[in-house]
Amino acid sequence: MSRTIKLAVLISGNGSNLQSIIDAIDSGQLDAEIKTVISNNRSAHGLVRATRHGLPTWVLEHRDFEDRDRFDDALQHYLAAIEPDYIVLAGFMRILGPRFIEAFADKILNIHPSLLPAYKGLNTHQRALDNNEREHGVSIHLVTAKLDDGPVILQAGYPIKPGDKAADLQRRGHRLEHQMYPQLLRWLSDQSLVIKAGQIFYKQALLENPIQFKP
Ligand code: GAR
């Protein structure tokens with residue numbers, strides 16, 4: 001049974017993942033409504049994409065806030081009024097505090113460019129190359145209070161080829177990312193994926209390991 005899920009999408013930069021979600025909605029492949037696009041960076045290109053598609057945007061520059069808690073409080077206040085079903089972190093490069101995460105437990109998703117739990121944090125492509133890895137990947141996980149640490153829901157790996165640079169991995173990862181978020185949101189919308197009390201259920205069974213994405 002499908003339901004229209006209400007999304008708040010948080011970005012900091014280019015917004016190509018946002019674009020993939022917009023495109024999936026526009027083409028009728030995803031039953032969702034983007035209620036707001038929020039950026040902590042005024043010059044994020046993703047804001048241009050959102051405006052072009054007539055989506056409401058809101059800029060919340062962290063520099064304007066005294067500290068992390070006040071930024072989180074303002075964001076929480078704004079989102080509470082919108083009542084999104086899911087808060088989709090799509091290249092949102094800012095750590096959210098535990099109080100915020102608790103307020104929206106089971107609702108915050110993040111996409112991360114690595115095969116979590118490997119390579120949490122930044123510069124994942126270069127770090128994988130520096131370690132002579134043969135595979136890298138993408139993960140979508142539920143956000144919990146620890147950085148890049150919540151249960152991984154959907155994951156895709158890709159091979160690292162000789163001579164690859166960080167930009168090559170990024171390009172390869174992005175191609176997967178742009179299919180993965182729409183897919184995962186589709187499952188949430190048709191309720192084949194359910195998130196409850198920090199646990200993930202896929203087709204009514206508790207998910208013990210990440211679902212492997214098949215392009
Ligand atoms: C994506 O590759 C995403 O995985 C990454 O930022 C990029 C944003 O691209 N996220 C993180 O590194 C989060 N730790 P986009 O702005 O084009 O969607």
Side-chain angles (χ1 to χ4, degrees), residues 7-26 30 32 34 36-53 55 57-62 68 72 75 86-97 100-101 108-130 133 135-158 160 164-185 210-211 213 215:
L7 308 177
V9 183
L10 273 58
I11 60 166
S12 297
N14 182 26
S16 67
N17 278 284
L18 164 69
Q19 187 70 55
S20 73
I21 297 167
I22 292 172
D23 292 346
I25 295 172
D26 283 357
L30 172 61
I34 299 176
T36 183
V37 174
I38 300 172
S39 175
N40 65 322
N41 167 17
R42 203 174 297 285
S43 50
H45 180 63
L47 290 170
V48 177
R49 296 177 190 268
T51 305
R52 203 185 285 151
H53 287 271
L55 299 173
T57 60
W58 193 48
V59 175
L60 190 64
E61 289 257 15
H62 50 265
R68 194 175 282 283
D72 283 4
L75 188 58
Y86 297 100
I87 297 169
V88 177
L89 308 187
F92 186 66
M93 305 307 277
R94 188 169 167 84
I95 295 170
L96 296 163
F100 178 92
I101 291 168
I108 314 174
L109 303 163
N110 183 41
I111 193 158
H112 183 76
S114 80
L115 291 170
L116 289 173
Y119 300 105
K120 298 173 182 179
L122 299 174
N123 301 321
T124 65
H125 306 103
Q126 191 56 51
R127 284 158 57 212
L129 289 171
D130 292 346
E133 299 284 4
E135 195 188 24
H136 200 52
V138 176
S139 305
I140 300 179
H141 65 98
L142 180 67
V143 173
T144 56
K146 269 171 79 187
L147 178 68
D148 297 333
D149 197 63
V152 177
I153 306 172
L154 185 61
Q155 204 160 54
Y158 56 84
I160 297 181
D164 270 345
K165 304 266 186 301
D168 299 310
L169 303 196
Q170 196 173 27
R171 202 172 317 113
R172 223 166 284 153
H174 260 138
R175 268 204 294 272
L176 290 165
E177 291 189 9
H178 298 159
Q179 302 170 64
M180 287 168 72
Y181 245 149
Q183 172 66 276
L184 186 141
L185 293 169
I211 302 166
F213 177 73

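All ligand and atom numbering here is 1-based and tracks the order in the structure. Below, all heavy atoms of this structure are taken into account, side chains as well, without hydrogens, waters or symmetry copies.
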Engineer: Would you call Arg171 and Asp168 a salt bridge, taking side-chain N to carboxylate O under 4.0 Å as the test?
Structural biologist: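 So Arg171 pairs with Asp168 through a salt bridge.
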Engineer: What protein heavy atom sits nearest atom 14 (N) of ligand 1, and how far off is it?
Structural biologist: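 Ranked first by proximity to atom 14 (N) of ligand 1 is His112 ND1, 3.2 Å.
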Engineer: Please list the nearest protein heavy atom to atom 10 (N) of ligand 1 with its residue and the distance rounded to 0.1 Å.
Structural biologist: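 Residue, atom and distance for the closest contact: Ile111 O, 3.5 Å.
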Engineer: In this structure, which one of Glu133, Gln126, His136 forms a side chain to side chain donor-acceptor pair (under 3.5 Å) with Tyr119?
Structural biologist: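 For Tyr119, the side chain to side chain donor-acceptor pair (under 3.5 Å) test succeeds with only one of Glu133, Gln126, His136, which is Glu133.
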Engineer: Using side chain to side chain contact (heavy atoms under 4.5 Å, CB included) as the criterion, point out the one residue from Val88, Ile34, Leu47 that pairs with Leu18.
Structural biologist: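 When Val88, Ile34, Leu47 are each tested with Leu18, the side chain to side chain contact (heavy atoms under 4.5 Å, CB included) holds only for Ile34.
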Engineer: So, for Val37 and Ala50, which heavy atoms are closest and what is the spacing to 0.1 Å?
Structural biologist: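 Reported closest heavy-atom pair: CG2-CB, 3.8 Å.
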Engineer: How close does the nearest protein non-hydrogen atom get to atom 1 (C) of ligand 1, and which residue and atom is it?
Structural biologist: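 Protein heavy atom with the smallest distance to atom 1 (C) of ligand 1: Glu177 OE1, 3.1 Å.
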Engineer: Identify, for atom 17 (O) of ligand 1, the protein heavy atom at the shortest distance, and state residue, atom and that distance.
Structural biologist: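 That would be Ser16 OG, 2.5 Å.
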Engineer: For atom 6 (O) of ligand 1, what is the nearest protein heavy atom, given as residue, atom name and distance?
Structural biologist: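 Answer, as residue, atom name and distance: Gly91 CA, 3.6 Å.
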Engineer: Can you pull out the closest protein heavy atom to atom 16 (O) of ligand 1? Residue, atom name and distance to 0.1 Å, please.
Structural biologist: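 Result: Gly15 N, 2.8 Å.
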Engineer: Does ligand 1 have any atom that is closer than 4.0 Å to a heavy atom of Ile11?
Structural biologist: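 Under 4.0 Å: no for Ile11.
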Engineer: Counting non-hydrogen protein atoms only, what is the nearest one to atom 9 (O) of ligand 1? Give residue, atom name and distance.
Structural biologist: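 Result: His174 NE2, 3.2 Å.
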Engineer: Tell me if the aromatic rings of His112 and His141 count as close, with their centers under 6.0 Å from one another.
Structural biologist: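 Distance test on ring centres: not under 6.0 Å, no.
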Engineer: Heavy-atom contact check, 4.0 Å cutoff: does Gly173 meet ligand 1?
Structural biologist: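 In this structure, Gly173 fails to qualify as a contact of ligand 1 - no heavy atom is under 4.0 Å.
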Engineer: Testing Leu96, Ile108, Leu109 for side chain to side chain contact (heavy atoms under 4.5 Å, CB included) with Val143, which one passes?
Structural biologist: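 So, applying the side chain to side chain contact (heavy atoms under 4.5 Å, CB included) to Val143 and each of Leu96, Ile108, Leu109, only Ile108 qualifies.
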Engineer: How about Ser12 and Asn40: does a side-chain donor come under 3.5 Å of a side-chain acceptor?
Structural biologist: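 Asn40 and Ser12 do have a side-chain donor-acceptor pair below 3.5 Å.
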Engineer: Do the side chain of Ser139 and the main chain of Ser114 share a donor and acceptor less than 3.5 angstrom apart?
Structural biologist: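 A pair under 3.5 Å: yes.
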Engineer: Would Asp148 count as a polar contact of ligand 1, with the cut-off being nitrogen or oxygen pairs under 3.5 Å?
Structural biologist: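 It does not: no N or O of Asp148 is found under 3.5 Å from an N or O of ligand 1.
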Engineer: Is Gln170 near ligand 1, meaning one of its heavy atoms is under 4.0 Å from it?
Structural biologist: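 False for this residue.
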Engineer: For ligand 1, which atoms, with element, lie under 4.0 Å from some heavy atom of Met93?
Structural biologist: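 Once the distances to Met93 are compared, the set is 11 (C), 12 (O), 13 (C).
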Engineer: Against heavy atoms of Pro113, which atoms of ligand 1 measure under 4.0 Å?
Structural biologist: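 Numbered from 1, ligand 1 contributes 4 (O), 5 (C), 10 (N), 11 (C), 12 (O).
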Engineer: Could you tell me, atom by atom, which parts of ligand 1 come under 4.0 Å of a heavy atom of Asn14?
Structural biologist: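 Per the distance check, 16 (O), 17 (O).
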Engineer: Among His45, Gln19, His174, Arg49, find the residue that satisfies the side chain to side chain donor-acceptor pair (under 3.5 Å) test when tested with Asn14.
Structural biologist: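 Between Asn14 and the candidates, side chain to side chain donor-acceptor pair (under 3.5 Å) is satisfied uniquely by Arg49.
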